[in-house]
Structure formats: structure tokens, C-alpha cells
Amino acid sequence: MINKGGKVLLEVKNLKAEVDGVEILKGVDLTVRAGEVHAIMGVNGSGKSTFSKVLAGHPDYTVTGGTATFEGKELFSLAAEERARAGLFLAFQYPVEIPGVSNSALLRLAYNTLQNERGLEELDPLEFEDLVHEKIKVVEMDPSFLDRSVNEGFSGGEKKRNEILQMAILEPKLAILDETDSGLDIDALRIVANGVNSLLTADNAVVMVTHYQRLLNYIVPDYVHVMDAGRIVRTGGKELALELEARGYDWVRAAA
Amino acid sequence: MLTKEQCFEQLLLGKAVKADGWLESIRVEALESAKALNFPSERHDDWRFTDLSPLFQHGFQPVTSFVRLTLADIENYLIPGSTRLVFVDGCFDAGLSDLAQAGAGVTVKSLVECFGDPQVEAQFARNLSFKQDAFAALNTHFFEDGAFVHVSSENVTGEAVAPIHVLHVATKRETPSAIYHRCLVVMESNSRATVVEDYAGLNGGIYFSNAVTEVVLKDHAQLQHVRVQREEKSAFHIGHCSVKSGRGSVYAATSLAFGARVSRHTQHVMQLGEGAEIRLNGLALIAGRQIADTHTRIDHAVPGGKSVQLHKCIADGAAHAVFSGKVIVHPGAKGTDSAQSSRNLLLSGKARIDTQPQLEIFNDDVSCKHGATVGQIDADALFFLKSRGLSEERARNLLTHAFAGEIIARIPVPSLVESLSRAILEERMKENA
Ligand SMILES: Nc1ncnc2c1ncn2[C@@H]1O[C@H](COP(=O)(O)OP(=O)(O)O)[C@@H](O)[C@H]1O
Ligand SMILES: [Mg+2]
């Protein structure tokens, strides 16, 4: 839902960032309001994941210019964990495997950390089990995955579902989904998309990073942004995604 | 502060209990060995990585008075449903022990009650190289009591039998104390058992635990041998374990070192029967100024042996972990299959890990693999956990615990796995707080 008068969750202005001395983001602007669905599209290597990780606070990237606020707070003055506790969530393009840390233990630890932050009661293992069994339905995941090590031996699609399960448990205000659609077959894509849709409210927002139009048939964006060489070079409505699908990216890049 | 020589002299002032016959001659011989060997020099090949100087500074006194503890004092260490032998400062405490669970064919007793047993006479101090090691020699001369575990062939269903928990606790004394622990395990043909040796301290205190364990596995016997070293951080621990494994036997050990200012565990497994299988799992998890040294040696002396070893060291702060693992395949040991892996995690720039896997093969019909890695906390995993709201501290602890967990999970006693896991997470939280 386009929400011009809505509360601004994220405001990024002229963001520049580099890795190992190489500038990747060259001045990104983006404003996301509560209730909105955004899509960021662009060819491989255009800087979409870099943008996502810079917002989440990945230590490999250095912000060299511009500003970002999250609900009015200076984002770059917060540590990665503080951003998460403030309600920012990144679903990773390549989720890591963590042998020896059980999925359910991690979910509970993360959930209770956030409950603490919000001044709410922590849940004990039994109470949490009820919650997680409710939430796992969102992604139609088999509960046996809860007892396994985080992402260890999961297929590509299972890892992506696991990311959305974390989102369902943590209920972020702003979720950035980095290529959550890649590696999903059509059934899994539908399940994940339904899951995300069911989590959307008037108070939160989602930014989907993708280079296919496919996902946007299921989660319909209010805005579509095209990123190229570290900048957002065009913004339009959902029809822009269809146009990109039909004509490719070259015409936008040429126009930029 | 004492010198190395004074420290040794002080240990020799200990009082050995007078024994008769065969035991007395072993004791006399052990004292001669101890005097001849003295403490190892810094240049000794087996000791050169391990700085024993913090140990040498103290004058360790023999324990002369008995401290009475209650079950409440040791409740953190109890394993529900186990057969339990408790030693307080090296003295057997019948009141704290619980022998009711020992099944048919299982003998679990204090060693002094068993010196008349021909099994004890046949095996005690017979396979231990006290002639090469001063600490083992001191132990053999000065030990007062210990544990004797005998599992007869009647007991072939070990799985159902309660684990045997040999718990050693050290109390806090006014002066540093020298404490000797001794354990003899004899597994008859086809028998099975799980033995947990547990070394812990109460209320801090400076003491020197000197532990010697001997294990004999007769044909087709199977032993799960767990060793938990969780001494006080101000204490010293030097342990020896020597194992003889017979034909078709299975010896599976999981040895953990968490405690002590300086600790050393030397384990020597001799495959003396064809087709014996040896599994050694080890973990040292240390921080601060702790030093933990593990030296293992596996001798494949006859054909068809199999050995699998995984040792992990985790060092934080300015801690120093040492692992030396030798596998020797003797000329006659055809068809030996051996794999050894040393995996290590450095948690701080000041910590140090020395690892030395060594293979010595004197025959070509073998399959032997070994390798070592030293790594740090995975940066992507750390960022992932933080992006889910976990603090840096929490995230690091969780990943450290996960690395250690692979070894801890191999302990075949679920309640111990759980309590150790919890203790590690909490302890690390506390240290970092
Ligand atoms: N950690 C990194 N180290 C070096 N180069 C990087 C790193 N992360 C991204 N890059 C480079 O930045 C550019 C943008 O990459 P990325 O943000 O992953 O693009 P996208 O997600 O749009 O495919 C690429 O040229 C990539 O090689
Ligand atoms: Mg990407």
C-alpha cells in the first residue's frame, strides 16, 4: 500500500560505501514508510546485496558518505545487534550454516533478546515451543528442522524458508529480503510469498531484493527501484518490473 | 615462593601408607624412580611446550585431616542413576558414595579394600611407565586410595548398566595440598561398561592433583571412558592414563580439560590384541592464563587395529593449549586403519595453541590420515547471529560452545552432556561479564 502520509521507517540519503577501498555504493537514496512494499531490482553485481548488508551493519563494508535513519534514529551509530533489536531484519541471500547451534535454540535466544529489549516477558522453552509451532506454519516447514543445526545440510530452498521463519518469530518493522526467491521452485516460492504476505501489516514494511519479476507476482510491490552500479537509477510502480522482464535492463541503464 | 628443587623435595616429604608384599615392593621401586627422574626439564621433548613453573612455586603438603562433606556440597557434580565412588582430597568417602546401582558382575570398590584381590595384584602398576615419568612414580609411591572397577564377563549388556562415576573433589586447605588419585579398571572378556572419571575442586584453593588411571580391556570388552577435568582455576592437575586393549575390544574415550591453572593429561593406549578399536575424543577449553596440555600416544602393535582420534583445543585470553598426538604403527601391525584430526579455535590474539599430530609408520599395509587446523570464530556466522539481535558476547559464546559441543555430545551420559553444556555457556558468560 502506497502510504505517502505514513510513518517513515527508513530514510537513506546519498549513501556511499566501500569494501577494501573500492567504492560499491555511489549515492543511494531510498525512503520506506510503514505499510509499504518495495522491490529493488538490478543486474548481478549492481550493489543490491551490498546495500542490504550495509543497512544491517556488516563489518566488511565502510560507509564513506550519506546518512540513514531508522525511525528517526541514526542507523550507522548502532551496532548490528542494536539495529536488529530496533526492528531491522535482513534475510540473507546466502544464509550461513552453523553446525552445533540448534535452530530452535537460536530462535528462542533471538526472540527472548528482543522481548527483553521491548520490556516484555521472556518465554521458557515450553512456551516458546508453542509459539514456534504456530509460526512454522507460515512457511510450511517440517518441525524436524527445529532440532537440526542452523541451516546445516538444508537445501537452498529450506535455508530461505528458515530465514522467513526467523522473520516470522522476530516480527521486524522493516524486513529486507535479499534474493529470498532465488533457488526456490514454484511451490516453495508460493509458500514463502504467502508467508511474507501474511506477516505484512500497516505498521511494518518489506524491501525485496530480486533480479526476477517472478516473486513480484506473489508479493505485489508499491515501488520498484532499479539499482545500477551502486545507485538507484529509476523508480516506478509494479509495471516497471514487467517492463524490465520484457525489455531487460539495458534501456534503463542507458537512460541513467 | 619455592624453587623447582624445593618443590620436588617438599613432595617427597609426603607420607606413604605402609603396605605389604607385592604392593610395598612396587612402592619402593616407584620412590626410587621418582628420585632418579625428578621433574622434567624444560628441554625435555615431551614437556618443552608446557610451562610448569607456576606449579613449582608451591610447597604442596600431604593431606592429613579428613574433611567431611555432604551430598549438598557436591550436588552440582552428581550424575543421577550412576554408581558413584567419591573421593575427598584423595580419601574414599563411603557416605557420599552410592554403590547400590552396580549390577551383577560389576565390582566398584575403594582400592584399599581390594589389594588382596588377585586381579588387582596382576594389573596394578603393571602397564604404567612410572619408570619414565616422575609424576606417575610419585603417585605410585604416595597414593593412599583409589577406585577399583572390575566388570566380569557376566556383564555383557553394559548399555543397560548404570554409568560408574568416580568423583574426586578437592577441598580448600590453608596450605597447598598434594592429592593423589588412582584408578584401576579391569574389563573381562565381552564385558561392557561406561566409566566417568571426574576431577573437581570446591571453593578455590591451591592444590596439586596427581592422577593415575590404568585400564585393561580383555578380548572383545567394550569401555566408554569419560574423563572430566574441571579443577579449580588455581589448582594444578597432572594425569596419566594407560590402556591395554585386547583382541576385538573397543576403547572409546572422551577427555575434557576445563580447569586448573596448569594441567596435563598423558594418555597411552596400546593395542595388544588383533582388531581392537580405539576412539579418542578430546577437548581443552581454557581462558585467562590457563595452560592445558594433552599428550596422547596410540601404539598399534598387532594387525587389524583401528584408531580414530579427534582433539579440539579452544583458547581464549592469554591461555595456552598444547596437543601432541602420536600414532605408532609397529612393523607387525598390518592392515592398521588410523585417522587423527586436531581442530583448534583461537579466541584471542594473545592465546596460543601448539598442535603436533605425529604418525610413525613402520609397515606399508596401512591406511593412516592425519591433519590439523587452527581457526578463529567465523565472521559470517558471528554477523548472522548479531543480525538476529544477539550481543557480540553471546554470539561468540554460542559459536564457541557449538565448536566444543561436537566433543561433548560424544559423552554417552545424557545428563552429563547437558550439565557440562550449561556450565560452559554460563561460565563463559560469567568470565566475559
Ligand atoms: N566483501 C566484498 N569484497 C569484495 N568485493 C565485494 C564484496 N561485496 C561485494 N563486492 C563487490 O561489489 C559489487 C556489488 O556486489 P553485490 O552487492 O553482491 O551485488 P548484487 O547483490 O547486486 O549482485 C560486486 O562487484 C562485488 O564483487
Ligand atoms: Mg546479491
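Chain naming here is simple, since letters A, B, ... match the order of the sequence lines and numbering starts at 1 in each. Since the structure is predicted, the reported quantities are computational estimates derived from the model, not experimental observations.
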Peer 1: Judged by modelled atom types alone, do A:Glu179 and A:His211 share a side-chain donor-acceptor pair under 3.5 Å?
Peer 2: yes

Peer 1: B:Ala402, B:Ala395, B:Ala404, B:Ala409: which one forms the most heavy-atom pairs within less than 4.5 Å of chain A?
Peer 2: B:Ala402

Peer 1: Mind checking side-chain contact (heavy atoms from CB on, under 4.5 Å) for A:Glu121 and listing every partner two or more places apart, or none if nothing turns up?
Peer 2: none

Peer 1: For chain A, find which of B:Ser387, B:Gly405, B:Ala379 contributes the most heavy-atom pairs closer than 4.5 angstrom.
Peer 2: B:Ser387

Peer 1: Which one, A:Arg83, A:Lys53, A:Glu82, A:Glu163, leads in non-hydrogen pairs under 4.5 Å with chain B?
Peer 2: A:Glu163

Peer 1: Using heavy-atom distances under 4.5 Å, tell me whether B:Leu382 contacts chain A through its side chain, its backbone, both, or neither.
Peer 2: neither

Peer 1: Can you find a heavy atom in the side chain of A:Thr180 that is under 4.5 Å from one in the side chain of A:Val192?
Peer 2: yes

Peer 1: Side chains of residues 96-110 of chain A: which donor-acceptor pairs under 3.5 Å do they make with residues two or more places apart or in other chains?
Peer 2:
unit_1, atom_1, unit_2, atom_2, d
A:Glu97, OE2, A:Lys159, NZ, 3.1
A:Ser102, OG, A:Ser104, OG, 3.4
A:Ser102, OG, A:Ala105, N, 3.0
A:Asn103, OD1, A:Asn162, ND2, 3.2
A:Asn103, ND2, A:Phe145, O, 3.2
A:Asn103, ND2, A:Asn162, OD1, 3.0
A:Ser104, OG, A:Leu146, O, 3.3
A:Arg108, NH1, A:Leu123, O, 3.3

